[in-house]
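Reading through the structure tokens given below for one structure.
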Amino acid sequence: MSPDPFALDVVAAARALVGWTVSHAGCAGVIVETEAYHEREPACHAHIGLTARTHILFGAPGTAYVYRSYGIHALLNVVVEPEGTGAAVLIRALEPMAGVELMRRRRARQAGTDLCSGPGKLTQALGIWLERNGGDLRTGPIRLEPPPAGRAAPALVTGPRVGITKAVDLPWRFCARGSRHVSRPWPPGLGASRPRAQVGSGAAD
DNA sequence: CATGGGATTGACT
DNA sequence: GTCAATCCCATGC
């Protein structure tokens, strides 16, 4: 299988990118959750067409699209599909693999909770900010690397995308089955065990 | 030029 | 469960 998912259609790319590694500024994690966005559906920023904000989405596949969300957070996307088509894969969660102490320091206020279990959390943990918008993910500073050759593709759980108000029924969210590093709300059938200490309300396993 | 709205998170009732 | 934070961009007058 080609190690270049960037030219694939956005849904295939979103599925293929689960299991890849993202690294930046001394930290790295394996992607456990993605979502697909495409200009032909209204939840995608590129739906409004080519503007100052969206032109990166129409650019070369393998480019980083980093934008500010709710005035507070930076969200990381991988631009996919051929140049001229507005499409991207949102990286929603990572399993921390390297530089975990540095991640904890960057997220000092939430050191006890999950470090990368959300699109705004992982950019904070990795030190990714808006200045990375437009960068080439194959050369860095943000690097995207394929899983080791021969590793089986992770089983995926599919569900509707999170946090949007348009095209809410499209099943374009993909989570690694069994991973407890996925963002909330966990999709049905994820198969991950609860983080502990939340049990007690009488529910048995 | 004024205004509305987020591809979210963490704190609080 | 509810809700504020915070700011750039897109839209409308």
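By convention in this document, chain letters (A, B, ...) are assigned in the order of the sequence lines, proteins followed by strands, and residues within each chain are numbered from 1.
A close approach under 4.0 Å does not occur between any side-chain nitrogen or oxygen of A/Arg184 and OP1 or OP2 of B/dT8. Remark: A/Arg92 is in phosphate contact with B/dT8, judged by side-chain N or O atoms under 4.0 Å from OP1 or OP2.
Atom pair A/Leu90:CG and B/dT8:P shows a separation of 7 Å (rounding to whole Å applied). Rounded to whole Å, atom P of C/dC9 lies 20 Å from atom NE2 of A/His47. The interatomic distance linking A/Lys121 (NZ) with B/dG10 (C1') rounds to 9 Å, in whole Å. The separation between A/Ile56 atom CD1 and C/dC8 atom C1' is 16 Å, rounded to whole Å. Going from atom CG of A/Asp169 over to atom P of B/dA7 covers 17 Å, rounded to whole Å. Distance A/His73 NE2 to B/dT8 P: 10 Å, rounded to the nearest Å.
For A/Leu75, the side-chain atoms get nearest to B/dA7 when compared with the rest of C/dA10, B/dA7, B/dG6. Nearest nucleotide to the side chain of A/Ile164, out of B/dA7, C/dA10, B/dT9: B/dA7. Proximity note for A/Arg68 (side chain, C-beta onward) versus C/dC7, B/dT8, B/dA7: the nearest is C/dC7. Nearest nucleotide to the side chain of A/Cys44, out of B/dG10, B/dA7, B/dT8: B/dA7.
At the heavy-atom level, A/Arg161 lies nowhere under 4.0 Å from the strands shown. Backbone-only contact: A/Thr51 has heavy atoms under 4.0 Å from sugar-phosphate atoms and none from a base.
Across the C1' atoms, B/dA7 and C/dG1 are found 23 Å apart, a figure rounded to whole Å. Spacing between B/dT13 and C/dA5 at atom P, rounded to whole Å, works out to 14 Å. Annotation: C/dT6 and B/dC12 have their P atoms spaced 15 Å apart (nearest Å).
Using modelled atom types, one side-chain atom of A/Thr54 and one backbone atom of A/Gly49 make a donor-acceptor pair closer than 3.5 Å. Between the side chain of A/His47 and the main chain of A/Cys44, no donor-acceptor pair closer than 3.5 Å is present.
Comment: A/Glu35 does not engage A/Arg161 in a salt bridge, judged by the lack of any side-chain N to carboxylate O separation of less than 4.0 angstrom.
Stacking of the aromatic ring of A/Tyr70 onto the base of C/dA5 is not found under the criterion of centres within 5.5 Å and planes under 30°.
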Under the criterion ring pair (Phe, Tyr, Trp, His ring centres under 6.0 Å), I'd like the reasoning laid out for A/Tyr37 against A/His45: C-alpha separation, chi angles, the key distance, then a yes or no.
CA-CA 8 Å; A/Tyr37 288 86; A/His45 292 172; 7.6 Å; no
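Contact between A/Leu76 and A/Ala64 at its shortest, heavy atoms only, is CD1-CB, 4.2 Å.
Toward the 5' end of DNA chain C, the nearer of the two residues A/Ile72 and A/Leu130, judged by each one's closest nucleotide, is A/Ile72.
The pairing partner recorded for C/dT6 is none, the criterion being a Watson-Crick or G-U wobble arrangement whose two distances lie under 3.5 angstrom.
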